[in-house]
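Read the numbers this way: they start at 1 and go in the same order the structure lists the ligands and their atoms. Source: prediction; values computed, not measured. Throughout, numbering of the chain's residues begins at 1 and tracks the sequence.
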Amino acid sequence: MTKQPTLTTPRLILRPFTLADAPSVQRLAGEWAIADTTANIPHPYEDGVAEAWIRSHVEQFEHRTGVIFAITLKDTDELVGAISLFSLRAASNRAEMGYWIGVPFWNKGYCSEAAKALIRYGFDELGLNRVFAEHMARNPASGRVMEKAGMTYEGTLRQHVKKWDRYEDLKVYGILRSESD
Ligand SMILES: CC(C)(COP(=O)(O)OP(=O)(O)OC[C@H]1O[C@@H](n2cnc3c(N)ncnc32)[C@H](O)[C@@H]1OP(=O)(O)O)[C@@H](O)C(=O)NCCC(=O)NCCS
């Protein structure tokens, strides 16, 4: 069984999470702004949630159902966020990408840089044919990340999810292996 690798970009190291990251995850993912535009991040972010989430990663990788990376700064080792490929479907070589970046690190290009590396890894190492991602229409920064990662807008799923008791439109982006460099 191969181990989850570490990916390197000009400014970032994408590596597996360890339990030592749990306090930083709780602090960063615990901000309301992160829960507000993601599907499954709880708010408030209770003690123990980060540890349970991190413990689930090895099994997902071993079963090839998902792979989750800690996004860290090359210069300082600081954790800035998380990025993942999930709902991997071996039958169709397809996965969905998801991510969050801690608020103090927004708008520095980190998520776009990580997304490019993750998509490359998905095509080259996981044998994927398609990576897609969805964002709430009211979260255009995420759509911009998808565009900068080379993905194409494919359409809008109207009122596809319910968040804080409101139905939200989801915009879908995708990239095929044949479209990647
Ligand atoms: C979405 C998110 C991951 C972006 O991370 P990031 O590291 O700041 O992203 P980047 O810096 O790589 O790119 C952000 C882009 O969005 C743009 N942007 C930021 N706010 C924007 C807004 N309100 N409207 C339009 N574009 C916006 C930035 O200018 C930048 O584009 P540019 O480089 O062309 O100027 C981050 O804001 C986040 O974690 N949000 C909360 C969780 C979340 O929404 N996750 C995604 C769920 S689909």
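Note: F105 and Y110 have tilted aromatic rings, judged against thresholds of 30 and 60 degrees for the angle between ring planes. The aromatic rings of H57 and F17 sit perpendicular, their planes meeting at an angle over 60°, well past the 30° parallel limit.
Taking all atoms of both residues into account, the shortest heavy-atom contact from W106 to A33 is CH2-CB, 3.9 Å. Summarising the geometry of R130 relative to G174, their closest heavy-atom pair is NH1-CA, 4.0 Å, with the distance given to 0.1 Å. Shortest non-hydrogen contact noted between P104 and E31 is CD-OE2, 4.4 Å.
The salt bridge (Lys or Arg N to Asp or Glu O under 4.0 Å) analysis of residues 104-121, with sequence neighbours excluded, yields the pairs R11-E113, R120-D124.
Ligand 1 lies under 4.0 Å from heavy atoms of A33, I34, T37, T38, Y99, W100, I101, W106, N107, K108, G109, Y110, C111, S112, E134, H135, N139, P140, A141, S142, R144, V145, K148.
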